[in-house]
Amino acid sequence: MTEAKLSTFSAPKGTYDLIPPDSETFLAVREAIAAPLRRAGYGYVETPVFEDVNLFSRGVGESTDIVTKEMYTLTTKGGDDLALRPEGTASVLRAALQANLHRTGNVPVKLWYSGSYYRYERPQAGRYRQFSQVGAEAIGAEDPALDAELIVLAVDAYRSLGLRDFRLLLNSLGDRECRPLYRAALQDFLGGLDLDEDTRRRAEINPLRVLDDKREAVQKQLAGAPLMRDHLCEGCKAYHEQVRELLTAAGVAYTDDPRLVRGLDYYTRTTFEFVHDGLGSQSAVGGGGRYDGLSEMIGGPALPSVGWALGVDRTVLALRAEGVDVAVPARTQVFAVPLGEQAHRTLFGLVTEARRAGIAADLAFGGKGLKGAMKSADRSGARWAVVAGERDLADGVVQLKDLTTGDQTPVAVDALVTTLKEKLS
RNA sequence: GUGGGCGUAGCUCAGCUGGUAGAGCACCGGGUUGUGGUCCCGGGGGCCGCGGGUUCAAGUCCCGUCGCUCACCCCA
């Protein structure tokens, strides 16, 4: 078989194509993450992949890496400045505000979504320029049970996929009352350290994120750093304690991580991250938290909210690392092998009939010979082959062959679909 | 943005200190004029990423370039 090279194009840097059979796994993972959300009253929301660039710079935070260097931005012919969405929360909240869901429906407004996100970064294992996540947001209510609910739903999603070796890191970042005080204390501490210029600048703009630095030289100096944990106001302390109790009651194990900050500015109080060690250096498979101030930041009313996003690509990598095979829906169950043109027409009809009866059926196309068609039947994964030539059809039968045993018996054409339904039930 | 590793058949890779390009798997055909998977026999496939240099001679050495990849950074 000689094939000319048809294309010199390849997927853009940091992107990849989802093709069979792996693409089935991705679909299954998306569905598995969404299932618990649907059962918990979350409604599906879909927003544009691009938005006004200011939605993100104001929402996600001017100082974040996402906004300062990772956004794909463009100016339209009409002069609008847009950006491909680097995350989901800001868009979903914007959509909820625009549709007045918080007024017309019950609060919390519970929404889930699934889609692709874009960040201009150097690709590496588990980090892509287009990546896929499933997310959930509960908008307009301040209730520790809501934080706990979302975390439990994420854990249930992972478990339903068979993922085992993930850990849940939990922290509270305080609120507008206690965070500024802590921030000042931390800034004070960081001022006394020996830090490089970049880090020094970060300490000015968003000192909490310095805690997240994974470099040893930095971490060593952070040993005695003040922690948010010790600066929480009474309200935040009580709130966080309730979240923890609810998680424990639901049988969800977590690790307190007072250094967990996350890279988006809008988080308040509860923050969490699901980490997995099988992905290389990108350990987060999912994460989220509460964002009580975000609505106001983008021009809405006060709407305390909480949400998360789980990375589909990374979840797939984590599953692979654990050697978990995700159950994918049944492939072809029956494969039809025609001998000659007349049989091809007849089997085309029978395959159509079988499909309409709910059977996953396929047919050899392209005038393959019997041998080639049987090969296709084998590769299709079908349990049954339906073989028919003029001899059979003259007798009003087709040959039904069990591909696992090789046994073959004639079945009347009229009875084929009902026979198959019985065999497959 | 900064570093490291790697680009040889559709895929995974071998090719030692330069001497006319290989394996396994996959694919196609035959053994079986109407039967796949196993087995046996046969076959097609390669600008050795690209450009330049050294040399009688470069997949192999040198330089450049592009691509992939991993890591820093950051995060899903």
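A note on names: the letters A, B, ... follow the listed sequences, proteins ahead of strands, and every chain is numbered from 1. Side chains included, hydrogens not; waters and symmetry mates left out as well; all remaining heavy atoms used.
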Practice task
Look at A/R122 and B/rU69 and indicate whether a side-chain polar atom (N or O) is within less than 4.0 Å of OP1 or OP2.
Solution key: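 A/R122 to B/rU69 OP1/OP2: no side-chain N or O under 4.0 Å.
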
Practice task
Look at the side-chain N and O atoms of A/S10 and state whether any lies under 4.0 Å from the OP1 or OP2 oxygen of B/rG67.
Solution key: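 Checking A/S10 against B/rG67: no side-chain N or O falls below 4.0 Å of OP1 or OP2.
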
Practice task
Please lay out, stage by stage, how A/T89 and A/Y113 fare under the test side chain to side chain contact (heavy atoms under 4.5 Å, CB included).
Solution key: CA-CA 10 Å; A/T89 301; A/Y113 52 94; 4.1 Å; yes

Rounded to whole Å, please give me the gap between [atom1] in [X] and [atom2] in [N].
{"X": "A/R167", "N": "B/rA76", "atom1": "CZ", "atom2": "P", "value": "16 Å"}
{"X": "A/L168", "N": "B/rA76", "atom1": "CG", "atom2": "P", "value": "14 Å"}
{"X": "A/I33", "N": "B/rA76", "atom1": "CD1", "atom2": "C1'", "value": "10 Å"}
{"X": "A/Y118", "N": "B/rC74", "atom1": "OH", "atom2": "P", "value": "25 Å"}
{"X": "A/L208", "N": "B/rC75", "atom1": "CG", "atom2": "P", "value": "12 Å"}
{"X": "A/E137", "N": "B/rA76", "atom1": "CD", "atom2": "P", "value": "12 Å"}
{"X": "A/E121", "N": "B/rU2", "atom1": "CD", "atom2": "P", "value": "16 Å"}
{"X": "A/K13", "N": "B/rC70", "atom1": "NZ", "atom2": "P", "value": "11 Å"}

Just verifying a value: how many Å separate [X] [atom1] and [Y] [atom2], rounded to the nearest 0.5 Å?
{"X": "A/Q187", "Y": "A/E204", "atom1": "CD", "atom2": "CD", "result": "5.5 Å"}
{"X": "A/R379", "Y": "A/D362", "atom1": "CZ", "atom2": "CG", "result": "13.5 Å"}
{"X": "A/L208", "Y": "A/R179", "atom1": "CG", "atom2": "CZ", "result": "6.0 Å"}
{"X": "A/L211", "Y": "A/L186", "atom1": "CG", "atom2": "CG", "result": "5.0 Å"}
{"X": "A/D313", "Y": "A/S116", "atom1": "CG", "atom2": "OG", "result": "8.0 Å"}
{"X": "A/L111", "Y": "A/E46", "atom1": "CG", "atom2": "CD", "result": "12.5 Å"}

Practice task
Identify whether NZ of Lys or CZ of Arg in A/R129 sits under 6.0 Å from the centre of the six-membered ring of A/Y120 and within 45° of that ring's axis.
Solution key: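 The answer is yes, since A/R129 meets both limits relative to A/Y120.
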
Handout entry: Ring-face cation contact, A/Y239 with A/R269, 6.0 Å cut, 45° max
Key =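 Here A/R269 passes the 6.0 Å and 45° test against A/Y239.
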
Write down the distance separating the [atom1] atoms in [N] and [M], rounded off to the nearest Å.
{"N": "B/rG64", "M": "B/rA57", "atom1": "C1'", "value": "23 Å"}
{"N": "B/rG24", "M": "B/rU55", "atom1": "P", "value": "39 Å"}
{"N": "B/rC11", "M": "B/rC47", "atom1": "P", "value": "11 Å"}
{"N": "B/rG51", "M": "B/rU12", "atom1": "P", "value": "23 Å"}
{"N": "B/rU8", "M": "B/rC50", "atom1": "C1'", "value": "14 Å"}
{"N": "B/rA26", "M": "B/rG37", "atom1": "C1'", "value": "15 Å"}
{"N": "B/rG19", "M": "B/rA58", "atom1": "P", "value": "11 Å"}
{"N": "B/rG36", "M": "B/rC28", "atom1": "P", "value": "13 Å"}

Please state whether the base of [N] and the side chain of [X] form at least one donor-acceptor pair under 3.5 Å?
{"X": "A/Q282", "N": "B/rA71", "value": "no"}
{"X": "A/R127", "N": "B/rC70", "value": "no"}
{"X": "A/Q124", "N": "B/rC73", "value": "yes"}

Exercise for the section: Verify, without hydrogens or angle tests, whether A/T346 (side chain) and A/Q342 (backbone) share a donor-acceptor contact under 3.5 angstrom. Expected result: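 Confirmed, A/T346 side chain pairs with A/Q342 backbone.
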
Fill in the blank from the handout: A correct 5'-to-3' footprint of nucleotides 31-37 of chain B, with B, S and - meaning base, sugar-phosphate only and no protein heavy atom under 4.0 Å, is ---BBBB

Exercise for the section: Have a look at A/G126 and say if it touches a base, only the backbone sugar-phosphate, or nothing, with a 4.0 Å heavy-atom cut-off. Expected result: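 Base, at least one base atom sits under 4.0 Å.
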
Practice task
Have a look at A/R119 and say if it touches a base, only the backbone sugar-phosphate, or nothing, with a 4.0 Å heavy-atom cut-off.
Solution key: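 Base contact - A/R119 has a heavy atom under 4.0 Å of at least one base atom.
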
Exercise for the section: Specify the residue among A/Y128 and A/Y120 whose closest nucleotide of RNA chain B lies further upstream toward the 5′ end. Expected result: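 Its nearest nucleotide lies further toward 5', so the answer is A/Y120.
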
Problem - Position toward the 5' end of RNA chain B (nearest nucleotide), A/P123 or A/R209 - result: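 On the 5' side of the pair lies A/P123.
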
Problem - Output field: ring centroids A/F166/A/Y158 closer than 6.0 Å - result: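 Yes - the distance between ring centres of A/F166 and A/Y158 falls below the 6.0 Å cut-off.
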
Handout entry: RNA chain B stem ranges, 3 or more consecutive Watson-Crick or G-U pairs under 3.5 angstrom
Key =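 Correct response: B:1-7 with B:66-72, B:10-13 with B:22-25, B:27-31 with B:39-43, B:49-53 with B:61-65.
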
Practice task
Report yes or no: is the ring centroid of A/F131 under 5.5 Å from the six-membered base ring centroid of B/rA76, with the two planes under 30 degrees?
Solution key: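 Here A/F131 meets both the 5.5 Å and the 30° conditions.
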
